[in-house]
Asker: 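Quick one: structure below, then a few questions.
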There are 4 protein chains.
Amino acid sequence: MARRPNRTARRAQIVEAMLRVMAARGYERSSVAAIAEEAGLTPGLVHYHFRSKEEVLRALLEHLEAILEERFVRFSRGAANPRDRLAAFVDAHLARDASARPEAVACWVALGTEALTREDIGAAYRDMVGRHLAVLQGLVRDALDAAAGDVARAPAIAAGLYAAIEGAFRLAAIAPGVIPEGSAASTLHAMTDGLLGPREETP
Amino acid sequence: MARRPNRTARRAQIVEAMLRVMAARGYERSSVAAIAEEAGLTPGLVHYHFRSKEEVLRALLEHLEAILEERFVRFSRGAANPRDRLAAFVDAHLARDASARPEAVACWVALGTEALTREDIGAAYRDMVGRHLAVLQGLVRDALDAAAGDVARAPAIAAGLYAAIEGAFRLAAIAPGVIPEGSAASTLHAMTDGLLGPREETP
Amino acid sequence: MARRPNRTARRAQIVEAMLRVMAARGYERSSVAAIAEEAGLTPGLVHYHFRSKEEVLRALLEHLEAILEERFVRFSRGAANPRDRLAAFVDAHLARDASARPEAVACWVALGTEALTREDIGAAYRDMVGRHLAVLQGLVRDALDAAAGDVARAPAIAAGLYAAIEGAFRLAAIAPGVIPEGSAASTLHAMTDGLLGPREETP
Amino acid sequence: MARRPNRTARRAQIVEAMLRVMAARGYERSSVAAIAEEAGLTPGLVHYHFRSKEEVLRALLEHLEAILEERFVRFSRGAANPRDRLAAFVDAHLARDASARPEAVACWVALGTEALTREDIGAAYRDMVGRHLAVLQGLVRDALDAAAGDVARAPAIAAGLYAAIEGAFRLAAIAPGVIPEGSAASTLHAMTDGLLGPREETP
DNA sequence: AATGAATGAGCCTTCATTCAT
DNA sequence: AATGAATGAAGGCTCATTCAT
């Protein structure tokens, strides 16, 4: 039953290599050879650890989601109220802090196109959107609740915010500068405030 | 005695074919042969009318923008005030009326990925974003003006709205159903209202 | 019976265009479209005047030979003795005077490769070599005769000279500068003298 | 556990195949598929071992030069004086002994055409001509020295001889029979004697 | 676990040639 | 005579995947 200890490590190494290559070239033009080279491995080995290139893509989707999740947890650490947790969700996606990874953002954009086209990537992507949206709706509902707002508006607001986050991702990757340098997150915070009403002072 | 030229018509025919194929497969997997077949032509002829596959993509970008432009003009027709013109801008992108083209939406998503990767598609895409954003800022400023709002907020609001529109495009294509069937536009309208404040009654 | 007056002119125009294009690209990469464009015509018209691309090549071979012939006649004009006529033959091939055409030289090189490969070009080329060699042998024999040399050496000397001329052509085109600028002809003249013995003074 | 590399052997195999195919068809019409088939390999494998078809051509140029070099060394083995070494140089190019390779001669002709057209093949070709010419000049100078001839004539004589050798190559390939069967070498020897004066008896 | 060779299918593109006008 | 469109057959090259070692 002894697992080869580098099985997991190797897979992670390959997925990370794909993250970098795919950010620069998109999925189709990320050849297995290029991914292997970026990882410092040989093409054959990639197929030893993954059944196919598409399987690497699926693993990459999970990896990207894990990165987001980790950031959300970290940004939420100091969040004392619903509004702060909402801001943490936005920051997890858009804050350009030291741990930000522009390649990951580019990957999300490329991944969306694959989700559009490949059946099982699409399914996985939709699952993820569902989970994210559920979280976001919860946060919005809490925030509305706290502000004595109309909780029935939560789904629409959550959907709008999620769309805005995805769009900001996209714009940040494709047309950086359109949303002033590094301020995607603050633009989104302003939007959040616009949608939820001004924050209450917590005395 | 010369044969009647038909370049313009043929080019349009090819671009439309690519629109359909690319919506289903993405750019890289839209082979020239598949595009030609969709158009009822031979692969050689595609290259007779376009220098390269990428040139078809550039033409497609223009075509897609023209479609949006035409819709915006049409939806603006009855718009009496800034707020309505703003709604027309949103509807041009997201309304699911009879003239809506889901393939075009899918194409925008795929196109973004190519913009990320191909230098001149990226440049053309950024140009377009610049133009759209300028229009949108104008509309937002007018709307704020009419509502006696703070005009200085226009750039941030416009950027946020544009991001939301792009994101809604993306979600509509990749995960239809997340934003309730056909209501992407109304979600965005609600967001607009949230950002600009309630509409004034025009007595 | 009235010939269309431009039939001949058009053919010449096409052959001259091919001469220029082929000098720059070689035969295979000289597309009919490129030749037509160089001639200011359309591709279809080339095939109206020539059955095939190879037929243009055959016409070009004749054209190139005619250019050489014309030069030989011209350089021979003032030649008073066999030795001068021999020099004229060399100059017809190698002199870099105002009427020299470097493209023609390059074409000869490219043409040789086609002669190697295409049956009927090869045959035409060998015919031409035969004619040239006959002329050259005559000249050498006359020169040996006048110098009281051994006429039996004529074939070998003629063959050697002809090889040297062909080789000088080749070097001039491929590695200009190896044979000092413009001195291919004088190098060949020196070789001729070496082979035939010093010239007699014509008192 | 790794597979034993065989790059060098495979590359040589491919280059030799190209030598044969190119002698018969010229460069452009030597398709990678044909080369692969001649080598008993698949087309994909050719591109696994060479970046491009042109890289095979570059390797072929080196291979051809190595063949000449080897022959020169071999023919020089018994050469006791400058004149014999000169003869060895000529024989290395033109002697039709058992080790002679007519395909190699045809390849040289075809290669010259490519040198005319392709920038880096041209550069490599000119390099080689420079090296050959330097060797030849040295040999001619030694021979003139030994015969108490005018050493200043060495460059012109060397250039003339080299041109004659190249031309004989060409004629031998394109119009065999013009220079009587197998006597290209002896014709060149005669030319050499004509240019350097009669040999001295070595008592 | 790992390597490097090998395959086979497919892709973009070029091009000589034909043809309707 | 002339044009411009159209075709069909390659051709060079890439690449995911398999496999012997």
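The shown structure was predicted, so the numbers you read here are calculated from the model rather than taken from an experiment. Reminder, nothing fancy here: chain letters follow the sequence lines and each chain counts from 1.
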Asker: For E/dT13 and B/His47 - does any side-chain N or O of the residue sit under 4.0 Å from the phosphate oxygens OP1/OP2?
Answerer: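 For E/dT13, OP1/OP2 do have a side-chain N/O of B/His47 under 4.0 Å.
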Asker: Is there a side-chain contact between D/Met22 and D/Leu57 in this structure, where contact means two heavy atoms from C-beta onward sitting under 4.5 Å apart?
Answerer: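 Yes, at least one pair of side-chain atoms sits under 4.5 Å.
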Asker: Closer than 4.0 Å, any side-chain N/O of A/Tyr48 to the OP1 or OP2 of E/dA2?
Answerer: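 Checking A/Tyr48 against E/dA2: no side-chain N or O falls below 4.0 Å of OP1 or OP2.
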Asker: Closer than 4.0 Å, any side-chain N/O of D/Arg10 to the OP1 or OP2 of E/dA6?
Answerer: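 For E/dA6, OP1 or OP2 has a side-chain N or O of D/Arg10 closer than 4.0 Å.
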Asker: For B/Pro5 and D/Arg51, take the nucleotide of DNA chain F holding the closest heavy atom to each; which residue's nucleotide lies nearer the 5' end?
Answerer: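 Looking at DNA chain F, the more 5' nearest nucleotide goes with B/Pro5.
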Asker: Taking pairing as Watson-Crick or G-U wobble with both contacts under 3.5 Å, can you name the mate of E/dC15, or confirm there isn't one?
Answerer: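 Result: F/dG8.
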Asker: Judged by each residue's nearest nucleotide on DNA chain E, which is more toward the 5′ side, D/Leu45 or C/Glu28?
Answerer: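 The residue whose closest nucleotide sits nearer the 5' end is D/Leu45.
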Asker: Looking at the side chain of B/Ser31, which of E/dA20, F/dT18, E/dC12 is the nearest nucleotide?
Answerer: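 Of the candidates, E/dC12 comes closest.
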Asker: Hey, does A/Glu65 have a side-chain heavy atom less than 4.5 Å from the side chain of A/Leu61?
Answerer: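 Counting from C-beta outward, A/Leu61 and A/Glu65 never come under 4.5 Å.
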Asker: Can you check whether A/Glu114 reaches B/Arg29 side chain to side chain, under 4.5 Å on heavy atoms?
Answerer: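 They are in contact (side-chain heavy atoms under 4.5 Å apart), so the answer is yes.
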Asker: Quick one: look up who E/dG10 pairs with, Watson-Crick or G-U, both distances under 3.5 Å, and put none if it's unpaired.
Answerer: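 Check on E/dG10: paired to F/dC13, both distances under 3.5 Å.
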Asker: Starting at the 5' end of DNA chain F, which residue's closest nucleotide do you reach first, C/Gly44 or D/Ser30?
Answerer: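 On the 5' side of the pair lies C/Gly44.
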Asker: Between B/Arg29 and E/dG10, is there a contact of a side-chain N or O with OP1 or OP2 at under 4.0 Å?
Answerer: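 False: B/Arg29 side-chain N/O out of range (4.0 Å or more) of E/dG10 OP1/OP2.
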Asker: Which residue lies toward the 5' end of DNA chain E, B/Lys53 or D/Pro43, if each is placed at its nearest nucleotide?
Answerer: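 Comparing both residues, the 5'-ward one is D/Pro43.
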Asker: Under 4.0 Å between a side-chain N/O of A/His49 and OP1 or OP2 of E/dA2, yes or no?
Answerer: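 Checking A/His49 against E/dA2: at least one side-chain N or O falls below 4.0 Å of OP1 or OP2.
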Asker: Check the phosphate of F/dA5 against B/Arg7, side-chain N and O only, distance under 4.0 Å to OP1 or OP2. Yes or no?
Answerer: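 Yes, B/Arg7 has a side-chain N/O under 4.0 Å of OP1/OP2 on F/dA5.
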Asker: Quick one: does B/Arg11's side chain have a donor or acceptor within less than 3.5 Å of a partner on B/His49's backbone?
Answerer: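 Flag set: sc B/Arg11 to bb B/His49 pair under 3.5 Å.
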Asker: Starting the side chain at C-beta, find the nucleotide from E/dT17, F/dT17, E/dC12 nearest to A/Val32.
Answerer: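 Nucleotide nearest to A/Val32's side chain: F/dT17.
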